[in-house]
Amino acid sequence: TLLHKQFPGGHITLAGSNSAASLASRPIRVIIADEVDRYPVSAGTEGDPLALAEKRTATFWNRKIVKVSTPTVKGISRIEAAYEESDKRTFHVPCPHCGEAQELVWGNVRWPDGKPEQAAYFCAHCGAIWAESERIRAIRGGHWRPSAPFKGIAGFHISELYSPWSKLAKIAIDFLRAKEFPERLKTWVNTSLGQTWEEARDAKDSSVIRDRAEDYELGTAPDAALMLTMGVDVQGDRLEAYTWGYGAGEEAWVVDFRAFYGDPARTVVWDQLLEHLDRPIKYAGGGEATARSVAIDSGGLHTQEVYAFCRKHANRRTPTGLQQVMAVKGQSQGSKAIIGKPTPQDVDLRGKLVKHGIQLWPVGSSAAKSVIYARLNIETPGPGFIHATKALAEDFWDQLTAERLVTKYVRGFPTLEWFLPKGRRNEALDCAVYAYAAACQLGLQRMRGRDWQTKAARMVRPASTPAAPGPEPPTAPVTPATPEQRRRQQAYAPPRRGSWVTRW
């Protein structure tokens, strides 16, 4: 079979961490659990997949259990917890110049300003610069050294600095590209350094962020905000719509806000929203554009009303271009992508899904909130920075920073969840999540410098200037047809359509 192979002297079984049946199928002496930080909390309803697998080794006195993983988030990482219970071995290599053994750490990798391609390793003892060939030679002569007493578990940690396939210059270039965005830096820390990442559990105090507010009018956008998207939150008595603009480096601006009061079960507020979708955003340097993508929350009490609106206006033409309107629903699991694959929701009378019916887009709200909170901590304008205007209401900043990340235990395992304190409002944060997800669906994360000059620039219509009135063009004199021309026109005229009453 595909999942079970026998060979002389033994056998190998492949099992998925989400399949309780495969994890409990047969006795196993050696278990190799790969990427344990990606394992679910429970394999179906049976419990922890690692515990199920380890039970299979109970009949072997010489059993061996190997856990391997790239670490993820500090405090909830399985491999971090396992490593802390081990003897914590790190790989020490001798310096090619002074001979002192040392662990390779990122702090000893340096390069001239603006020249990461010249990155090199500096010895922690003598300060000598290692060439690439010397680094590879030193790794060959290295050894493992524990930093804690051995209590039956051996633990090993190693980073990309030891890789013979990765040059320090490439690692330094990847670091400089990732450091501008916290979510990319998280990936670099996890995969290159092999270290856990500590999430920003709280944004800066709202009063500190409020002091960074700028002077520009609502309904206007800077010329750099070439991609406009809108997030709409549905409440019991109103719709709230925030329009965000994105530019190169995912720099973001809050460019407009409107609230439409009324019962979402009635069509009045939806008609007001539709009128708002057609209203162009003016640019400071001229030109105008409407939101290219609109994400409306369907997870509340008015799901069917949201579906009906999105079904009718899914792809529409506005005065400045095409616009897509999509129904979204937030997913709190931290492993979910910011924007996922849509699923059809409409069914016919036989219960089958309608091919071109309404599509529901899943939004990884936990991941999106982590990105927004990390970028609220960026203090200088540039890539990832969030701009907002003083014209927004005072409670906008409190809503944007209302939630915080807390650790909860699910079936005995720590997980990170976003928590809204009682009495706080978070509509601005929810709309920011939906607008960012809509921008990601348009390809925001794939945009590079040249794309903003080509693809995104086409989203803005230049300001139209009325032409100056001029003299009317002369009209050519009309010459009456001759009898011969009229005869030919009648001869080649198409037959008249009609019934037997008119064709006689």
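Starting from 1, each residue takes its place in the sequence as its number. Keep in mind the model is a prediction, meaning the values are calculated, not measured.
- Taking the six-membered ring wherever Trp is involved, the centroid distance between the rings of Phe396 and Phe257 does not fall below 6.0 Å.
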- Message: For a side-chain contact (heavy atoms from CB on, under 4.5 Å) check, start with the C-alpha distance between Val109 and Leu161, then their side-chain angles and the critical distance, and finish with the verdict.
- Response: CA-CA 9 Å; Val109 179; Leu161 300 179; 4.1 Å; yes
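- The two atoms that bring Ile139 and Phe91 nearest to each other are O-CE2, 3.5 Å, heavy atoms only.
- Under the ring pair (Phe, Tyr, Trp, His ring centres under 6.0 Å) criterion, Trp253 pairs with His387, sequence neighbours left out.
- Every residue meeting the side chain to side chain donor-acceptor pair (under 3.5 Å) condition with Thr72, not counting sequence neighbours, appears here in chain and number order: Asp37.
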- Message: For Glu250 and Arg184: C-alpha separation, side-chain torsions, deciding distance, then whether salt bridge (charged side-chain N to carboxylate O under 4.0 Å, His left out) applies.
- Response: CA-CA 12 Å; Glu250 297 190 28; Arg184 298 182 188 175; 3.5 Å; yes
Only distances under 3.5 Å count here; give the side-chain donor-acceptor pairs of residues 227-241 to other protein atoms, sequence neighbours excluded, each with its distance to 0.1 Å.
{"unit_1": "Thr229", "atom_1": "OG1", "unit_2": "Ala435", "atom_2": "O", "d": "2.9"}
{"unit_1": "Asp233", "atom_1": "OD2", "unit_2": "Gln235", "atom_2": "NE2", "d": "2.6"}
{"unit_1": "Arg238", "atom_1": "NE", "unit_2": "Glu240", "atom_2": "OE2", "d": "2.8"}
{"unit_1": "Arg238", "atom_1": "NH2", "unit_2": "Glu240", "atom_2": "OE2", "d": "3.4"}
{"unit_1": "Arg238", "atom_1": "NH2", "unit_2": "Glu427", "atom_2": "OE2", "d": "2.8"}
{"unit_1": "Glu240", "atom_1": "OE2", "unit_2": "Arg425", "atom_2": "NH2", "d": "3.3"}

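- A salt bridge links Glu54 to Lys67: one of the charged nitrogens lies within less than 4.0 Å of a carboxylate oxygen.
- Partners of Phe60 according to the ring pair (Phe, Tyr, Trp, His ring centres under 6.0 Å) rule, which considers only residues two or more places apart in sequence or in another chain, do not exist here.
- A side-chain hydrogen bond (donor to acceptor under 3.5 Å, both in side chains) check over residues 99-111, counting only residues at least two apart or in different chains, returns the pairs Asn108-Tyr121.
- The aromatic ring centroids of Trp130 and Phe122 lie 6.0 Å or more from each other.
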- Message: Quick one, Arg210 with Asp398, criterion salt bridge (charged side-chain N to carboxylate O under 4.0 Å, His left out). Give me CA distance, side-chain angles, the key distance, then yes/no.
- Response: CA-CA 9 Å; Arg210 186 185 293 112; Asp398 297 328; 3.7 Å; yes
Mind listing the side-chain donor-acceptor pairs of residues 143-152 below 3.5 Å, one per line with the distance, residues two or more places apart or on another chain?
{"unit_1": "His143", "atom_1": "NE2", "unit_2": "Arg145", "atom_2": "NH2", "d": "3.2"}
{"unit_1": "Ser147", "atom_1": "OG", "unit_2": "Lys88", "atom_2": "O", "d": "3.0"}

Check residues 9-18 and write down every donor-acceptor pair under 3.5 Å in which the side-chain atom is one partner and the other belongs to a residue at least two apart or another chain.
{"unit_1": "Thr13", "atom_1": "OG1", "unit_2": "His4", "atom_2": "ND1", "d": "2.9"}
{"unit_1": "Thr13", "atom_1": "OG1", "unit_2": "Arg26", "atom_2": "NH1", "d": "3.4"}

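- Shown here are the side chain to side chain donor-acceptor pair (under 3.5 Å) partners of Thr343, two or more places apart in sequence or in another chain: Gln345.
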- Item | Trace of the salt bridge (charged side-chain N to carboxylate O under 4.0 Å, His left out) decision for Lys167 with Glu117 | CA-CA 9 Å; Lys167 294 184 178 180; Glu117 64 278 2; over 6 Å; no
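- Contacts of Tyr39 classified as ring pair (Phe, Tyr, Trp, His ring centres under 6.0 Å), with partners at least two apart in sequence or in another chain: none.
- Contacts of Gln195 classified as side chain to side chain donor-acceptor pair (under 3.5 Å), with partners at least two apart in sequence or in another chain: none.
- Residues that satisfy the side chain to side chain donor-acceptor pair (under 3.5 Å) test with Arg135, not counting sequence neighbours, are Glu132.
- Shown here are the ring pair (Phe, Tyr, Trp, His ring centres under 6.0 Å) partners of Phe181, two or more places apart in sequence or in another chain: there are none.
- The two residues Ile358 and Cys310 come nearest to each other via the heavy atoms CD1-CB, 3.5 Å.
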